Amino acid sequence: MKDLTKGHEGKLIFYFALPMLIGNIFQQLYNTVDSIIVGNFLGKEALAAVSTSFPVLFLLISLIMGITMGSTILISQFYGAKDYANLKKTIDTTYIFLFVGSILITILGLVLSGPILKLLNTPGNILPQAKSYINVIFIGIVAMFGYNSISAILRGLGDSKTPLKFLIISTILNIILDVLFIVVFKFGVSGAAWATVIAQGFSFIYGIYHLNKHHEVLKFNVKDMEFDKAIFFKSLKIGLPSGVQQVLFSLGMMAIQSIINPFGETTMAAFGAGSRLNSFGTMPIMNFGSAISAFVGQNLGAGKNERVKKGYKYTLLMSVSMSIIITVLVFIFGEKMVWLFNKDPEVIKIGTSYLKIVSSFYAVVSIMFITTGVLRGAGDTFVPMIISILTLWLIRIPVATFLSERIGTNGIWASVPAGWTIGMVLTIGYYMSGRWKKKVVIKRGLNYEQ
């Protein structure tokens, strides 16, 4: 556990974010290695199948994972206030909710995956492989939720190193199983899904073992768990806007995917490769956003409000600097990066174009994410939800629809930075208003300047 209420703000946030960044690199390797092996050994049709499956997965898991963000915020603020009784109740309540939610998601996923894939205009030759991949993932959703809940709890307590240990082991296992199931046993795209599910299941089980051995407060014991209704509804109040935001965002991504799919399997494969690489590009930004949320939550919980502004400035500086470096690397090596996924010249051309367009605005999305992280750390999740919905549905989707009919796929890609830019302006404006200060769960007087 890491106390973020003492010490140099910038150094604390950097060293807290660093293990999360390394961990998320390994987390992304789950999907990226799947896609690289699938694209090279099974072809661009299989890569397109994996690509079109992700919006469906995101839709059905996003509500619950978004809601648990409220638990993470409560955990960080209770820990900052040294209220260990409510901290334990919050952790138990989160475990119980995620277990029940994961069962429901598995059932819904298996029933609805086929109809949703058809709604996305998935080509007929891609549909069977996409459905095969996605159904296996839904079977293992309990393990995915279990691991992610343990990681979120540890991060709320300031521990970003322990989840990294789990991830390194499970990612190596995932890569080995990918090669075994796809290359050796010839399981097809379902082999990639089984590799992911088994690796995440191992990570979850190992996580439980570690908690029981090293953390008394975090101990995972089914018999001693207590579901606290008051904490659940407080967590729901904070996290529901994020959950709704995630659902509406995933529906928007499905709308974008439905615009992409009619362009055919080559564009679908290119987008699949490009979006995996884009996830790596934006990863440092998202990790700094998570770090500043935990930092803000702990410091507001401890009543050290003057540290929030300093932490915000340091995080902006680090995140924007990192974004510029990544943009330069994309322009230099982007084509070679896409080549790793598939050797088809047209896939490489379209995927590289996507990367160059979106990476040009990484600094913009960095400012938006870091500012949103401050708001969420204070417990204000409603306004970020509204901004996210507006920029996706009123900016990105209309721009993608309009431009795709006039300039093709580059028009779809251009809609991404258009949404980011408007989102940044709105988020900064709300931060400057200071209204988010009234949303803190544990109030100790907010007398610092913006």
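Throughout, residue positions are numbered sequentially from 1 according to the sequence presented. This is a predicted model, so every value here is computed, not measured.
- Remark: Ile198 engages Leu177, Phe181 in a side chain to side chain contact (heavy atoms under 4.5 Å, CB included) (not counting sequence neighbours).
- Closest heavy-atom contact between Ser102 and Val142: OG-CG2, 3.4 Å.
- Under the side chain to side chain donor-acceptor pair (under 3.5 Å) criterion, the residue pairs touching residues 258-277 are Ser35-Arg276, Lys44-Thr266, Thr52-Asn261, Asn125-Glu265, Gln257-Asn261, with sequence neighbours excluded.
- Taken to the nearest 0.5 Å, the CG atom of Asn287 stands 9.5 Å off from the OG1 atom of Thr282.
- Counting only distance, with no hydrogens or angles, the side chain of Thr352 and the backbone of Ile348 share a donor-acceptor pair below 3.5 Å.
- In this structure, Tyr430 has its ring center no closer than 6.0 Å to that of Trp436.
- Using cut-offs of 30° and 60° for the angle between ring planes, the His210 and Tyr206 rings count as tilted.
- A search for side chain to side chain contact (heavy atoms under 4.5 Å, CB included) contacts involving Ala270 returns Val347, Ile350, not counting sequence neighbours.
- Within a 6.0 Å radius of CE in Met286, other residues, nucleotides and ligands contribute 12 heavy atoms or fewer.
- The side chain to side chain donor-acceptor pair (under 3.5 Å) pairs that include a residue from residues 393-415 are Ser353-Asn410, where partners are two or more places apart or lie in different chains.
- Distance check, rounded to the nearest 0.5 Å: CZ of Phe97 to OG of Ser71 gives 8.0 Å.
- Taking a cutoff of 4.0 Å between a charged side-chain nitrogen and a carboxylate oxygen, Arg376 and Asp380 do not qualify as a salt bridge.
- One distance of note links CG of Asp83 with CG of Leu74; it measures 10.5 Å at 0.5 Å rounding.
- Other residues, nucleotides and ligands contribute more than 12 heavy atoms inside 6.0 Å of the CZ atom of Phe187.
- For Glu45, the CD atom sits in a packed shell: over 12 heavy atoms of surrounding residues, nucleotides or ligands are nearer than 6.0 Å.
- Counting only distance, with no hydrogens or angles, the side chain of Asn135 and the backbone of Ser113 share no donor-acceptor pair below 3.5 Å.
- Here the CG-OG distance, from Leu426 to Ser388, works out to 11.0 Å after rounding to the nearest 0.5 Å.
- Panel note: side chain Thr327, backbone Ser359; a donor-acceptor pair is recorded below 3.5 Å.
- Annotation for Phe280: atom CZ counts as buried by contact number, over 12 foreign heavy atoms lying within 6.0 Å.
- The two atoms that bring Ser51 and Phe271 nearest to each other are OG-CD2, 4.0 Å, heavy atoms only.
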| request: Output, in order, the C-alpha distance, side-chain angles, deciding distance and verdict of side chain to side chain contact (heavy atoms under 4.5 Å, CB included) for Lys118 and Leu127. | output: CA-CA 8 Å; Lys118 291 179 181 178; Leu127 185 61; 3.8 Å; yes
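- The shortest non-hydrogen separation linking Val296 to Val374 is CG1-O, 3.8 Å.
- Qualifying side chain to side chain contact (heavy atoms under 4.5 Å, CB included) partners for Leu108, counting only residues two or more places apart in sequence or in other chains: Leu112.
- Contact of the Ile367 side chain with the Ile428 side chain is registered, since non-hydrogen atoms from C-beta on lie closer than 4.5 Å.
- Without hydrogens or angle criteria, Thr171 side chain to Ile168 main chain gives no donor-acceptor distance under 3.5 Å.
- Between Trp339 and Lys343, some side-chain heavy-atom pair lies under the 4.5 Å cut-off.
- The closest side-chain heavy-atom distance from Phe341 to Thr32 is below 4.5 Å.
- At least one donor-acceptor pair under 3.5 Å links the side chain of Gln298 to the backbone N or O of Leu4.
- Residues Ile182 and Val38 form a side-chain contact, since some pair of their non-hydrogen atoms from C-beta on lies under 4.5 Å apart.
- If you check the side chains of Thr427 and Thr371, you find no donor sitting under 3.5 Å from an acceptor.
- Under the 4.5 Å side-chain criterion, counting only non-hydrogen atoms from C-beta, Tyr84 is in contact with Tyr79.
- Closest non-hydrogen pair, Val189 versus Leu42, comes out as N-CD1, 3.7 Å.
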| task | Please step through side chain to side chain contact (heavy atoms under 4.5 Å, CB included) for the pair Met424 and Val365, ending with a clear verdict. | result | CA-CA 7 Å; Met424 180 197 69; Val365 73; over 6 Å; no
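- The distance from the NZ atom of Lys89 to the CD1 atom of Ile75 is 14.5 Å, given to the nearest 0.5 Å.
- At a cut-off of 3.5 Å, with distance as the only test, no side-chain donor of Asp228 or Thr93 sits close to an acceptor on the other residue.
- For the pair Gln129 and Ala46, the tightest heavy-atom approach, listed with the atom from each and the gap, is OE1-CB, 3.5 Å.
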| query | Hey, mind stepping through Trp194 and Tyr133 against side chain to side chain contact (heavy atoms under 4.5 Å, CB included) and telling me if it holds? | reply | CA-CA 8 Å; Trp194 279 117; Tyr133 178 87; over 6 Å; no
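- With rounding to the nearest 0.5 Å, the separation of CE in Met144 from CD1 in Ile105 is 11.0 Å.
- For Met337, the side chain to side chain contact (heavy atoms under 4.5 Å, CB included) test picks out Leu277, Phe333, with sequence neighbours left out.
- Annotation: side chain of Val364 is not in contact with side chain of Met368 (no heavy-atom distance under 4.5 Å).
- A donor-acceptor pair is defined here as one N or O able to donate and one able to accept, closer than 3.5 Å; no such pair exists between the side chain of Ser203 and the backbone of Ala199.
- Contact record, Ile326 with Pro284: CD1-CG, 3.6 Å, taken as the closest heavy-atom pair.
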| said: Using side chain to side chain contact (heavy atoms under 4.5 Å, CB included), reason through Lys229 and Phe227 one step at a time and then give a plain yes or no. | reply: CA-CA 6 Å; Lys229 291 183 180 179; Phe227 186 85; 4.2 Å; yes
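- Ile260 is listed as a side-chain neighbour of Ile412, based on a closest heavy-atom distance under 4.5 Å.
- If you check the side chains of Asn278 and Tyr362, you find a donor sitting under 3.5 Å from an acceptor.
- The side-chain heavy atoms of Phe369 and Ser319, taken from C-beta on, include no pair separated by under 4.5 Å.
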